[in-house]
Amino acid sequence: MNGAEKQQERWKRCTKRVDQELGEALGQAYVAKYFPPLRRSARWRMAQAVEQAMDKDIDALDWMSARPKSRPRISCTR
């Protein structure tokens with residue numbers, strides 16, 4: 001009915017459904033199990049350093065006015 005010639009394999013349908021329904025919660029459980037707090041904090045610091053470097057690069061753009069410069073920062077902090 002939806003234009004597909006044949007139904008996807010069951011494991012693909014199940015995986016897609018779990019990801020749609022539980023994506024964020026499943027991701028949090030995965031991180032909690034496989035990434036100890038020390039490793040998470042190191043990655044968090046690395047992500048913050050990348051964001052700070054991006055902010056510095058955006059500030060250095062002379063062709064961009066102040067208002068558009070604030071938009072990338074907003075999207076990076078979400």
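Note that the structure is a prediction, hence the values are computed from the model and not measured.
Note that CD of Gln28 and CG of Leu22 are 11.0 Å apart. Values are rounded to the nearest 0.5 Å. If you take CG on Asp55 and CD on Gln48, they are separated by 11.5 Å, rounding to the nearest 0.5 Å. Atoms CD and NZ, from Gln52 and Lys56 in turn, are 10.5 Å apart once rounded to the nearest 0.5 Å. Rounded to the nearest 0.5 Å, atoms CD (Glu24) and CG (Asp19) are 10.5 Å apart.
Across Arg13 and Gln8, no two heavy atoms sit closer than the pair NH1-O, 2.5 Å.
Both Tyr34 and Val31 belong to a common hydrophobic cluster when Ile, Leu, Val, Met, Phe, Trp and Tyr are linked at side-chain heavy-atom distances under 4.5 angstrom.
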